[in-house]
Amino acid sequence: MFDINLLRTDLAATADWMRESRGYAIDVAAFEALEAERKALQIQTQDLQQQRNTLSKAVGQAKAQKDDARAAELLAEVAALPEKVKANEAALATIQEKINGLLLTIPNMPQRGVPIGKDSEENVEQRRWGTPKAFDFVAKDHVALGEALQAGGAGAQLDFETAAKLSGSRFVVMKGQLARLHRALAQFMLDTHVSEHGFTECYVPYIVNADSMTGTGQLPKFEEDLFKVPMAGDDGVKNRYLIPTSEVSLTNFVRDTIVDAANLPMRLTAHTPCFRSEAGSAGRDTRGMIRQHQFDKVEMVYISKPDESNAMLEEMTGFAETILQKLGLPYRVMLLCTGDMGFGATRTYDLEVWLPAQNTYREISSCSNCEAFQARRMSARFKNAQGKNEPVHTLNGSGLAVGRTLVAILENYQNADGSISIPDVLQPYMGGIATLR
RNA sequence: GGAAGUGUGGCCGAGCGGUUUAAGGCACCGGUCUUGAAAACCGGCGAUAGCGCAAGUUAUCCGUGAGUUCGAAUCUCACCACUUCCGCCA
């Protein structure tokens, strides 16, 4: 949630920065009008409530003293008030809903220092790791490689046809050693984060309610990107949703809570499937498993104190890099420009892995500091040094997208005969085998 | 799915139409005492929002939402969560 105090105290400058950085136009006139109306209405409503409370209390006192005449007099005096109070309360609630609705649709404010730009072309490379392997044959893409691998009588190890029959486009079936490799990757990532990076492993719901989706920012603005799950008995009003990332489940752990400052930073991780309708991406990445309706991801979420959240973002990005390094996959780190950042982010690093067949780097992880944006929506706070409740900062990052990592392994570790070498760190998870064939 | 019960501040727990301005306890913070600590005693101690330069002050909040009433933690209805039992089930 956008910080309303920024709009109240520094409206012009804030609106300028939002326009300059994100190209987002805050409706200044509309906000000012709503605020003025809210202020007048709130003062009036509270005044009426006070009158009613005072008179009602007096009625009680008169009755206690058996002064029926006085009580009747007071009752006559209050008579008209409840109706006025109710009308005012309703009007105030309407205005506050409007203001809240406006606040919920404004994206987060980028940190100063984030490069200004309109799209991914203007992201700024921070560093590279690893050297793309030079193949002495023509590198195949993961689809060709995976479809050529056979899982005995069950057919191709990577099978989009069967998936299409079962579910439609943008789904995949994996079989045999490839399915095992997919599982091995997730296990490896999770194990590394838990035993080497100090994360708490979590198992979380894949279906969440609208409050959770609002908390992390998917709702109300991006409902068309989600799969809606009508729950029996919910009469269509309270839909639930499949998570598009376990960031939603993990971050909402602290919704409506005051976190003990001693427990910060909190490092949470989970391996879950993610479900995205990919509305609006028709025609993009239609081949292969780069962009699916369902994919697995190991997610990292931090709940942090404000003064350390930027350091935590660096740490988290480093942890995602560690996974790629252990897997021996070349990558580069990009600092996203303002125009390419997500709705809730103030600063984001993307990790892009080298894909030989595409002869380019492709996003495999995205690590963001959301600062207090989600915390305000969720009412997630901690007691600061002054003993005051203050919103926490939240961060999230992929560590990593499992499907895309599988793609990277297939393409980077392919051999001339179509077999796939298995990175050393994964072999213990693969029953010791060194090659997929 | 059926039946019964329970939801009150960080925690326990009283209150079941009107000085509730939510008792009491625990925890926590400050002080007295003490060489220091503990104990004892004294005082403080909820959240959210508004108004105000400030001191302050006002409203709302007892699972959630409607309703009854001049007045609701308290009465009515619906919903949600949890507990116990029965049924079904991976």
Side-chain angles (χ1 to χ4, degrees), chain A residues 1-9 31-32 34-104 203 205-215 229-241 252-264 266 372 375-392:
Chain A
M1 175 119 62
F2 206 85
D3 186 355
I4 193 168
N5 286 320
L6 270 177
L7 298 182
R8 283 180 179 154
T9 59
F31 177 78
E32 280 178 328
L34 283 171
E35 255 297 280
E37 199 178 340
R38 188 230 92 219
K39 195 164 174 169
L41 210 45
Q42 184 162 358
I43 291 170
Q44 196 187 358
T45 303
Q46 290 188 359
D47 185 54
L48 287 168
Q49 287 170 326
Q50 188 184 359
Q51 287 178 42
R52 180 204 59 196
N53 292 348
T54 308
L55 286 169
S56 292
K57 201 166 287 180
V59 171
Q61 280 163 358
K63 287 202 170 175
Q65 291 160 14
K66 305 249 190 269
D67 188 348
D68 289 343
R70 177 70 184 141
E73 202 177 296
L74 286 163
L75 280 174
E77 203 178 329
V78 233
L81 273 178
E83 206 175 320
K84 282 190 204 165
V85 168
K86 254 173 214 171
N88 268 270
E89 283 173 345
L92 182 59
T94 304
I95 279 285
Q96 275 171 336
E97 262 168 48
K98 276 188 197 167
I99 292 175
N100 208 37
L102 182 70
L103 249 34
L104 284 172
Y203 174 83
Y206 306 157
I207 296 174
V208 300
N209 57 32
D211 284 344
S212 294
M213 285 296 185
T214 304
V229 183
M231 297 288 269
D234 272 358
D235 69 3
V237 180
K238 289 179 186 168
N239 281 300
R240 321 271 176 106
Y241 301 87
N252 274 282
F253 279 11
V254 295
R255 171 154 56 85
D256 294 321
T257 57
I258 299 174
V259 184
D260 189 342
N263 295 331
L264 300 176
M266 206 182 282
R376 274 191 297 267
R377 289 171 161 251
M378 291 192 300
S379 187
R381 297 152 296 163
F382 76 108
K383 287 222 186 294
N384 65 19
Q386 289 75 45
K388 283 285 174 195
N389 290 336
E390 186 180 339
V392 296

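Proteins get letters first, then strands, A, B, ... in listed order; numbering begins at 1 in each.
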task = For RNA chain B, find the residues of residues 86-101 of chain A with a heavy-atom distance under 4.0 Å and give them by number; none if there aren't any.
result = A:Lys86
task = Between B:U21 and B:U60, how far apart are the C1' atoms? Round to whole Å, please.
result = 15 Å
message = Rounded to whole Å, how long is the line connecting atom CZ of A:Arg240 with atom P of B:C80?
response = 9 Å
inquiry  = According to side-chain contact (heavy atoms from CB on, under 4.5 Å), who are the partners of A:Ser212, at least two apart in sequence or on a separate chain?
reply    = A:Val208, A:Asn209, A:Val248, A:Asn252, A:Arg255
request  = Can you see which heavy atom on A:Leu102 is nearest to which on A:Phe31, and at what distance?
outcome  = CD2-CD1, 3.9 Å
note = Nearest heavy-atom contact between A:Glu390 and A:Asn384 is OE1-ND2, 2.9 Å
note = In whole angstroms, the gap separating C1' of B:C70 from CG of A:Leu48 amounts to 14 Å
inquiry  = Taking only the P atom of each, what is the distance from B:A23 to B:A14 in whole angstrom?
reply    = 15 Å
key: Rounded distance in Å between the P positions of B:A39 and B:C53   = 46 Å
key: Nucleotide B:G71, atom P - distance to CD of A:Gln50 in whole Å   = 16 Å
Nearest heavy atoms of A:Thr214 and A:Arg377, plus distance in Å = O-NH1, 2.7 Å
key: Euclidean distance for P, B:U57 against B:U8 (whole angstrom)   = 30 Å
query = What is the nucleic acid contact for A:Asn53, judged by heavy atoms within less than 4.0 Å: base, sugar-phosphate only, or nothing?
reply = sugar-phosphate
inquiry  = At less than 4.0 Å, is any side-chain N or O atom of A:Arg381 found next to OP1 or OP2 of B:U48? Yes or no.
reply    = yes
message = From CD of A:Glu83 over to C1' of B:G71, roughly how many Å is that when rounded to an integer?
response = 17 Å
request  = Using the test side-chain contact (heavy atoms from CB on, under 4.5 Å), find all partners of A:Asp256 that sit at least two apart in sequence or belong to another chain.
outcome  = A:Ser379
query = Closest to the A:Ile43 side chain: B:U48, B:C70, B:G50?
reply = B:G50
ask   = Less than 4.5 Å apart, any side-chain heavy atom of A:Gln49 and any of A:Glu89?
value = yes
key: Nearest-Å distance for atom pair CD/C1', residues A:Gln51 and B:G71   = 15 Å
task = Can you tell me the distance, in whole Å, between the CG atom of A:Leu34 and the P atom of B:G50?
result = 15 Å
inquiry  = In whole Å, measure the gap between the C1' atoms of B:U20 and B:C89 for me.
reply    = 49 Å
key: Sidechain N-carboxylate O distance under 4.0 Å for A:Glu83, A:Lys86   = no
ask   = B:A78 and B:U68: how far apart are their C1' atoms, nearest whole angstrom?
value = 15 Å
Just the atom pairs and distances: protein N or O near nucleotides 15-20 of chain B's N or O, under 3.5 Å.
{"unit_1": "B:G18", "atom_1": "O6", "unit_2": "A:Lys63", "atom_2": "NZ", "d": "3.4"}
{"unit_1": "B:G18", "atom_1": "N2", "unit_2": "A:Ser56", "atom_2": "O", "d": "2.6"}

request  = Quick one: closest heavy-atom pair of A:Pro82 and A:Ala79, and the distance?
outcome  = CD-O, 3.3 Å
query = Nearest to the side chain of A:Pro82, which nucleotide is it out of B:A47, B:G50, B:G71?
reply = B:G71
key: Any A:Lys57 side-chain heavy atom under 4.5 Å of A:Thr54 side chain   = no
task = Spell out, as yes or no, whether a donor-acceptor pair under 3.5 Å connects the side chain of A:Arg376 to the backbone of A:Met1.
result = yes
Separation of B:C51 C1' from A:Gln44 CD (nearest whole Å) = 15 Å
note = Sorted by chain and residue number, the side-chain contact (heavy atoms from CB on, under 4.5 Å) partners of A:Glu37 (sequence neighbours excluded) come out as A:Ile95
message = So, OP1 or OP2 of B:C51: does either fall under 4.0 Å of a side-chain N or O from A:Arg38?
response = yes
key: A:Arg38 to A:Gln96 - nearest heavy-atom pair and separation   = CG-CG, 4.2 Å
key: Ranges pairing with ranges for RNA chain B, where each run has three or more Watson-Crick or G-U pairs under 3.5 Å   = B:1-7 with B:80-86, B:10-12 with B:24-26, B:28-32 with B:40-44, B:46-51 with B:56-61, B:63-67 with B:75-79
query = Say you pick atom P in B:A54 and the same atom in B:U64; how far apart are they, in whole Å?
reply = 32 Å
key: Minimum heavy-atom distance between A:Ala62 and A:Arg70, given as atom pair plus value   = CB-CG, 4.0 Å
message = Under 4.0 Å from OP1 or OP2 of B:U60: is there any side-chain N or O of A:Arg52 that close?
response = yes
note = The nucleotide from B:G52, B:C70, B:U60 with an atom nearest the side chain of A:Val78 is B:C70
ask   = Hey, does A:Asp47 reach any base, or is it just sugar-phosphate, or nothing, if we go heavy atoms under 4.0 Å?
value = nothing
message = When the C1' atoms of B:C12 and B:A22 are compared, how many Å lie between them, rounded to an integer?
response = 15 Å
key: Whole-Å distance separating the CG atom of A:Asn5 from the C1' atom of B:G50   = 12 Å
ask   = Mapping A:Lys383 and A:Gln49 to their closest nucleotides on RNA chain B, which lands nearer the 5' end?
value = A:Lys383
query = If you pin A:Asn389 and A:Gln46 to their nearest nucleotides in RNA chain B, which one's is more 5'?
reply = A:Asn389
note = Checking A:Ile258, A:Val259, A:Val254 against A:Arg381 for side chain to side chain contact (heavy atoms under 4.5 Å, CB included), the one that qualifies is A:Ile258
